[in-house]
Amino acid sequence: MALLARWCLALLLLVPGTIAVSATASAQDGDAAAIIQKFGGKQSFSDTEAVIAELAATGNADVARALRALGDGSLYWRKSDEAVFIGRGSDPVTLLDPLTGEEAGTAPAGDLTKVRIKNSIRNDITTALGALTLGAADPAQRMRAASTLFSDGDPAMIEPLEAAIAKEEDAAVQARMEEALAAAVLASDRPAAEKAEAAAVMEGRGDREALTMLIRFAGATDDLEAKAAAEAAIATIEGNIAFWYQMQNIWYGLSLGSVLLLAAIGLAITFGVMGVINMAHGEMVMLGAYTTFVVQEAIRTSAPELFAWSLAIALPLAFLVSGTVGLVMERFLIRFLYGRPLETLLATFGVSLILQQAVRTIFGPTNREVGNPEWMSGAFEVGMMAITWNRLWIIVFSLVVFAGLLVVLNRTSLGLQMRAVTQNRKMASAMGIRTPWVDALTFALGSGIAGIAGVALSQIDNVSPDLGQGYIIDSFMVVVFGGVGNLWGTLVGAMSLGILNKFLEPYAGAVLGKIVVLVLIILFIQKRPRGLFAQKGRFVDA
């Protein structure tokens, strides 16, 4: 009996509270419904703006339905009684309650009049919707609302933002709300001390949008204290932006350097061991890119679920295709021209033209589509620097190829023989090393690595018969600058030239920047003819 009495007492205490909450919710809904009905009848744009502000002040998220309908032109009032509805369809129009969304019958199109708006009212609607979603249950929705309000910088949103900040528990969302509040304060008539604090918040944000707002505020205000705070924040943000701009240039330079490294690393081997000026090296890169295209086309038609693995499948195939072509070139052409650099240059140039024309005949002269797997798509930000996934993976890939090649040269018998032939060909031959086959395998290895480079380049460049021509000159510059036949020199040379190019481009343009780089390399070679890291050995020094 005592337990039953306690339950009855709890129910008696709970019922009044439930009734009070229900009554409060009903009152809020009733107020919101009454405000929405104010859109009815002929009224000016200023009247519409006032109703929007009144709806936003209710804090009732249900009014978002009516505001969105107003924004997309589907909010109507009926001529007979000036009642407001959301309209769907043409004739007859299906009527929906603007607060609940429930059907409320139909009406002929001629009996309805659309509530008129203009662009400034659309902005007011966006701001009002942002204010309403400040109290949404989803943190992501609150974050989007705060971002929208930051861009608007509406002084009318100061009080809603202050209330939302006081209740917010998510630190990231709260910080974004404080930035939106700062933007609103700068546009308001609040005291100078508050505006100085808002300028400090903008300084903490530190992006271009904050800089624009501060510059606009500093040019419009007459208050010396607030103006000084804004100018100090502007100077800090401009320094921050300049720093990240330089970091972005370094990133672009490393990205370009990784591309140059991939294109030049195979050339460094063949040029260093055999002294062959291979003008068809760019076409080996092109063959690797077309191998990727063929692999992706086969996957698209036969096994689309394997598309994410298309590059992993293409890599060994590209190495085999380009390596085989390189081996055939060396066995049937280049081995007869050793010691005759001019004839070798002309012969390999002729091979490059033949390969280009063969590809045009098979695949056509137009660019071919090579897709990015999902894991290489998109971008992310570090500070104010945008980093794309495909460029990041190419940098990682180029370093992996570089490390793998170092292992081959320093930890395998082929690498030992290649280094012996590089340092002293006659002595290596006298020791029983078959230098002709070392030359052939070296040329095949360099060509195969060029094919692997083509797989990577297919993700950032157009796959066409002329693909390799855009990298052959830069590859030779990297090899000569770094030191012929030295892999570490190729790495340093590629990254140095990539960064130098990207720092010169904003001032000199892409073409003039490359000319300046070429002139600088010529001047450098005058002082160090063997490049940054010269090969050593009796044969080299002779």
Side-chain angles (χ1 to χ4, degrees), residues 20-87 95-102 104 112-137 141-142 144-168 177 180-181 183-185 187-190:
V21 171
S22 300
T24 302
S26 299
Q28 288 179 348
D29 289 347
D31 292 342
I35 295 170
I36 291 172
Q37 294 305 312
K38 292 181 181 180
F39 284 122
K42 292 182 178 180
Q43 55 183 337
S44 64
F45 288 134
S46 59
D47 293 334
T48 302
E49 291 168 350
V51 176
I52 294 171
E54 200 172 347
L55 284 174
T58 65
N60 188 343
D62 291 336
V63 304
R65 181 181 287 104
L67 289 173
R68 282 192 289 267
L70 177 62
D72 62 29
S74 59
L75 193 67
Y76 298 87
W77 57 275
R78 192 162 51 196
K79 294 177 182 178
S80 59
D81 56 3
E82 296 187 351
V84 177
F85 299 95
I86 296 174
L95 303 179
L96 305 177
D97 185 282
L99 190 65
T100 65
E102 297 175 355
L112 301 173
T113 301
K114 185 183 296 185
V115 180
R116 298 183 308 124
I117 61 172
K118 57 181 181 178
N119 286 336
S120 61
I121 293 179
R122 289 188 177 89
N123 294 334
D124 292 339
I125 293 170
T126 301
T127 302
L129 288 171
L132 290 170
T133 50
L134 285 174
Q141 195 172 356
R142 299 198 301 275
R144 287 193 297 269
S147 299
T148 300
L149 293 176
F150 175 82
S151 300
D152 293 340
D154 186 359
M157 299 308 302
I158 291 178
E159 292 183 4
L161 280 166
E162 288 175 338
I165 289 170
K167 296 184 295 183
E168 184 58 56
M177 288 181 177
L181 177 60
V185 168
S188 71
D189 56 359
R190 289 292 181 99

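Here, residue 1 is the first one in the sequence, and each next residue gets the next number.
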inquiry  = Can you confirm whether more than 12 heavy atoms, excluding those of Asp189, are under 6.0 Å from its CG atom?
reply    = no
ask   = Around Glu159, counting heavy atoms of other residues, nucleotides and ligands shown, do more than 12 lie under 6.0 Å from its CD?
value = no
task = Using modelled atom types only, decide if a donor and an acceptor are shared between the side chain of Gln37 and the backbone of Val84 within a distance under 3.5 Å.
result = yes
message = salt bridge (charged side-chain N to carboxylate O under 4.0 Å, His left out) for Glu102 and Arg65? Distances and angles first, verdict last.
response = CA-CA 11 Å; Glu102 297 175 355; Arg65 181 181 287 104; over 6 Å; no
Nearest heavy atoms of [X] and [Y], plus distance in Å:
{"X": "Phe85", "Y": "Pro98", "value": "CA-CD, 4.2 Å"}
{"X": "Ala69", "Y": "Ile86", "value": "CB-CG1, 3.8 Å"}
{"X": "Lys79", "Y": "Thr113", "value": "CE-OG1, 3.2 Å"}
{"X": "Gly153", "Y": "Pro155", "value": "O-CD, 3.4 Å"}
{"X": "Phe39", "Y": "Trp77", "value": "O-CD1, 4.1 Å"}

request  = Go through the steps for Ile125 and Ile121 under the test side chain to side chain contact (heavy atoms under 4.5 Å, CB included), then give the verdict.
outcome  = CA-CA 6 Å; Ile125 293 170; Ile121 293 179; 4.2 Å; yes
Any side-chain heavy atom of [X] sitting closer than 4.5 Å to one from [Y]?
{"X": "Leu95", "Y": "Arg78", "result": "yes"}
{"X": "Met177", "Y": "Arg142", "result": "yes"}
{"X": "Leu161", "Y": "Phe150", "result": "no"}
{"X": "Leu75", "Y": "Lys114", "result": "no"}
{"X": "Thr48", "Y": "Asp124", "result": "no"}

query = For Lys38, which of Glu54, Glu82, Glu49 qualifies under salt bridge (Lys or Arg N to Asp or Glu O under 4.0 Å)?
reply = Glu54
query = Do Arg116's NZ or CZ and the ring of Phe45 fall within the cation-pi criteria of under 6.0 Å and 45°?
reply =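 Because its charged atom sits under 6.0 Å from the ring centre and within 45° of the axis, Arg116 does stack over Phe45.
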